[in-house]
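I have placed the structure first, in the form of C-alpha cells, so that the comments after it can refer back to it.
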Amino acid sequence: MEPAALDPGWTECPVGTRAMTGGEIGVSSADPTSGGFLSPAEVSTDTESSSAIAQRYRLLVELSPDAIAVHEAGVVVYINPAGVRLARVRSKEDMIGRYITEFVHPDSIPEMLERLMNLGEDGAATEPAEALMLLADGSTKPAEIVSVRTEWDGRPAFQVIMRDISTKKAAEAALQYQAALVDHVSDAVIALTADGVIEAWNPAAERVYGLSANAAVGRPFHEVVNARFDAPTALALGGTLDAVHSHASGASLNIRISVTAMGEGFVLLCADMASARQSIERFGTVISELNEAIIVATSEGVIELANPAAFNLLGLSPADVPGLGIATLPIEFPDDQREDLIAKVLRTGVGFTGRRARRTGAGLRWFSVSCHILDIDQDNPTLITSLTDITEQTVDAEDQRHRAIHDGLTGLLNRSGLLARLDLAKPERGAVPLVNVHYLDLDRFKMINDSLGHSYGDEVLRIVAQRLLHAAVPGSVVGRIGGDEFVVISPASSPGASISGQADHLLAAIATDPIEAGAGSVRMTASVGSVGTDLLAEQRSGVDLLRDADIALYYAKQSDRAGAVLFSVPLREKFQYRQQLEQDLRVALDTAGNEAQVRNSYELIYDTATGLPVAVEAHPRWMHPTRGEIALTEFMPLAEQSNLVETLGRQVMVEALADLTTVFGYRPGELTLAVNVSAGQFRDVHLVTGIREAVEKSSVRPADVRLEVSETAFSDESGTRRSIVIPRAQLEDLRALGVRIVLDHFGSGYSSLEQLEQLPVNGIKIAASFVNRYSTSHFARTVVESIVGIARSENLVVIADGVSSADELRAMTDLGCTQAQGPYLHASASAAETARHLR
C-alpha cells in the first residue's frame, strides 16, 4: 500500500492505554535508547514518583510478551523487542522509519484504516480485531490487534499492541478437525459420565438408534438403548462386547461396543453389526464380480475360497474347492525357476507383488501374481493370492520387442537385432568369437524402384531375403540393415566354407536365377564386403564389425559391380584417410583469399594449323597445408561422392573467369576459356543459373566460354550394359546461353559414334589414351580416324588431348584435328606462369 493512503496523524499502532499519551507519561523520538517513553519537556525531573512510574511503564512495554509499536503519520517510530521478534527482523532499526503498512498483509489494510478513522479523541482505543501480519521473511502470521490514539513529541500518533494468535488458531483448527471426525464417522460415538448418563451423541448415533441428540443427551445410556450396561465391567473384560440394543422404532439392533475411559467418564464406539454384515456381503459380491482371480488358502496351502474368475482363468472345477492344494495350481514362474514363489511365501511369510507367471497346460495365458500372508501373528494365518490376466499386454509387449529388432518388410533382423546377436557372441576370457560378417548391397536397385515401382521393389527385397536365408551356412543369422542392404553373420568354422567362399555363395544365390515378382522378371546382382573375426588381431565390437564390413562393401562397389572385397586393417586405414581427406576438402573449400588452398591451374590449347594458343583450360589444384599437393584424380572423386562438386565447380568457374579478364588480358574472340563440368554438377538444379550469373558478372562473351563435359556424365547402367542418359534440357539451356559445349574424353566412355548427333555439342576431345596409342594400336588408330571423320562431317571442333611428343602432334595435325593440348605443348601451371607463357 502506498504511504499516502494513511492520513498524517491517523496511523495505526497497538498500545491499549492512555498512559502513552503526551499529557501523562509521554513518548519521545529524541530518546530511542530508552524506548522513547520519557519526555523531559512533559515529565518533571523533580518528581520522584513520576520518574518511577515512567521507569516502570517503560520496563512494562519493553518486557511485554506482546508486540508494541508506535507509528506517526504511517511511519514506525518505536518498536519493542517482542515486536522485533514477531516481525522477524534483525533489530528495531530494521523497522523504525519504515511504513507500518509494509508489515500488514494487503488484505488486512482496508479494515485497519477503517478502525483508525473511528478513533476520534486522544486515548481512544479500538476493539481487539484480527489482522494478518506480513513478516520480513515473506511469511504471514495472524495477530490480535488493539490500536490507541496518542501523541508522539506533541504530534498525533498511534500505539499498537499485537498479540500472536497463530498457536491459538492452530489449536482451534485441531479441535474443529477432531469434532468433524466424530461427526462424520459411520459408527455411533457416545460420551457417558461416570454414572452412565449420556453427555454427547454424534450424528452416527442418531442414525443407528433413530434418536436425536436432544432426545438422548442427559438420559441414562441403559434407558435409551433398552439394555443393561456397566462401563467399568466392560473395560475389565477387555473393552469390547456384543449386545442387543433397541432402536427408537422398537427394532432390535446387534451392536458391538468398544469402551474407552475418558477422564472421569467413558466414550463408547457402537457399531451396527447388521450394517457390517451387509458390507461384508457386498464385499463378497464385488469379489465375485471381479475379473481378477482371488484365492484364499490356509497356512498349510489348502485352498478355502476362490472366486469365479479363478475358476475361469485357471480352468479349475468348483467341486475341487475347498480342499485343493495351492501348489497344484496350473501356473509357473518362468523368471524364477529355483522355487515355486507361492510355496516360498508359505515357508517364509514374506509376500510378493506383481510377479509374472504363465498358465501351464492347454491355452497359453499370462498373469501378474501377488501373494501375501494375512494375520501372520495369529495361530492360523491366511494366504491371499490374486492373479490378473495380462495375456494381451504380454503378447503386445512381445510383439513390440520383436518389431524393435526385426525388419517389418522381410521379417529379418534389423540393425539393432544384428548388433544384439553379435553382442551375444562376445568373447569370454579374452577369446575371439569366430564369426564372419557379410555386408551386401544390391546393384541398380534404385533403378528398379524408380522404373517398376516401390511395391515391385519390396517384393524383390522379400525374395532376396529368402534366397539369403536358404544360401547362408547352418547357424547363420540374416538381417536387413535398410533399403537394399543385407547382412549375414555366419560361423567362421563352417566346414568347407572359407569367408570368401561364403561371400561368393551368397552372391551366386542372388544372381543365379531371375527374380519373378509380379508380372515382371529381373536378374539381380549384389556387391559384398566381408570381415572375419578370426582374421583380426584385435577384439571388435558388433558395431565395429558392421562398420568394417561396410568399409569393405564400399570398395567392392567402387571396384566393380557384383564384386566382393575382404576387409583388412590397411583397407580401414585407407578408408579413414579418405574420410579425413573429405573433411579437409570441406575446410579447404571454405578458405578464401591468400589463405585459399584450392586454386586454379591452367593448360594452354593450341590451334594445329597456326601453332598459336587459342584456348586455356582451367583445372582445380589443391595444396593441402600438411600433405602438400593432392592430385586431381584423388580429390575429384571425393568431391563427386560427397556433394562438394557443386561448390568446387562454382569456385573454379568464378576464379577462371576472373583470371581470364585480369591475368590473361582477355580480348573478345582471341582466347577461349575451357572449364570442365563434372557428372555430379548436372545433379545441381541451379547449374545453368549459376553459370549464367558468373558469365554475366565477368563481362566475358558467352561464345568465349567452353564447357567440357565428360562422356561418362551421360552414361548410366541399364541391365548389364551402359547407355547414354542425356541431360538434354540442361544442355539445351546451356547452349541457349551462347556458351560452347565439348564432349570430353571421347572414346573412353560407352557411347557409340552414331549417338553424336543426339548430343547438342560443338566439339569433341579425343581421349589421351587413344592419342598416345595411335601409332602403336590398330584399334586406337581406327577409333581416332572414325571420330575425326564423323566430327568433321558434322562440322565439330576436334581436340587431341594428352599430346606427349612431336610425332603425336604431327599425326593428329595430319589426321585433321583442329586443336591439340598436352604436356608436349604446355604443362598445367598457375595463372601467372601461364600468362607469361602466353605472352
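From a predicted model like this one, the values you see are computed outputs, not experimental measurements. In what follows, residues are counted from 1 in the order of the sequence shown. All values below were derived from every heavy atom in this structure, side-chain atoms included, with hydrogens, water molecules and symmetry-related copies excluded.
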Can you name the closest pair of heavy atoms from [X] and [Y] and give their distance?
X      : Y      : result
Val700 : Val695 : O-CG1, 3.4 Å
Ala509 : Ala471 : CB-CB, 3.4 Å
Ala472 : Val478 : CB-CG2, 4.2 Å
Leu638 : Ser642 : O-OG, 2.5 Å
Ala511 : Arg523 : O-NH1, 3.2 Å
His438 : Asn436 : NE2-CB, 3.7 Å

So do the side chains of [X] and [Y] get within less than 4.5 Å of each other, counting heavy atoms only?
X      : Y      : answer
Thr818 : Arg792 : no
Ile766 : Cys817 : yes
Glu732 : Pro760 : yes
Leu468 : Leu506 : yes
Ile551 : Tyr555 : yes
Met636 : Pro620 : yes
Val803 : Tyr606 : no
Thr672 : Arg740 : no

What distance do [X] atom [atom1] and [Y] atom [atom2] have between them, rounded to the nearest 0.5 Å?
X      : Y      : atom1 : atom2 : answer
Leu422 : Ile489 : CG    : CD1   : 3.5 Å
Glu696 : Leu737 : CD    : CG    : 8.0 Å
Asp704 : Leu673 : CG    : CG    : 9.0 Å
Asn414 : Ile481 : CG    : CD1   : 8.0 Å
Leu409 : Arg480 : CG    : CZ    : 5.0 Å
Asp550 : Phe575 : CG    : CZ    : 7.0 Å

Exercise. Where do Gln502 and Ser530 land on the side chain to side chain donor-acceptor pair (under 3.5 Å) test, with the steps shown first?
Worked result: CA-CA 9 Å; Gln502 290 179 2; Ser530 303; over 6 Å; no
Considering residues at least two apart in sequence or located in another chain, which fulfil the salt bridge (Lys or Arg N to Asp or Glu O under 4.0 Å) criterion with [X]?
X      : value
Glu708 : Arg706, Lys765
Arg467 : none
Arg692 : none

Looking only at side-chain N and O atoms, does [Y] offer a donor or acceptor that is under 3.5 Å from a partner on [X]?
X      : Y      : answer
Glu785 : Tyr774 : yes
Gln580 : Arg627 : no
Glu516 : Ser521 : yes
Glu617 : Asn676 : yes

Using only atom types and a distance under 3.5 Å, with no angle test, would you say the side chain of [X] pairs donor to acceptor with the backbone of [Y]?
X      : Y      : answer
Gln466 : Ile463 : no
Asp801 : Ala768 : no
Asp407 : Leu412 : no

For this session: Please determine if Arg781 forms a cation-pi arrangement with Phe779, meaning its NZ or CZ atom is less than 6.0 Å from the six-membered ring centre and no more than 45° off the ring axis.
Result: no
Problem set entry | Among Leu585, Asp584, Thr591, side chain to side chain contact (heavy atoms under 4.5 Å, CB included) partner for Gln597 | Thr591
Problem set entry | Asn795 atom CG, over 12 foreign heavy atoms within 6.0 Å | no
Problem set entry | Residues, nucleotides or ligands: over 12 heavy atoms within 6.0 Å of Arg462 CZ | yes
Exercise. Would you call Asp544-Arg547 a salt bridge at under 4.0 Å N-O?
Worked result: yes
Exercise. Do you know which of Thr813, Asp807, Asp814 makes side chain to side chain donor-acceptor pair (under 3.5 Å) with Arg810?
Worked result: Asp807
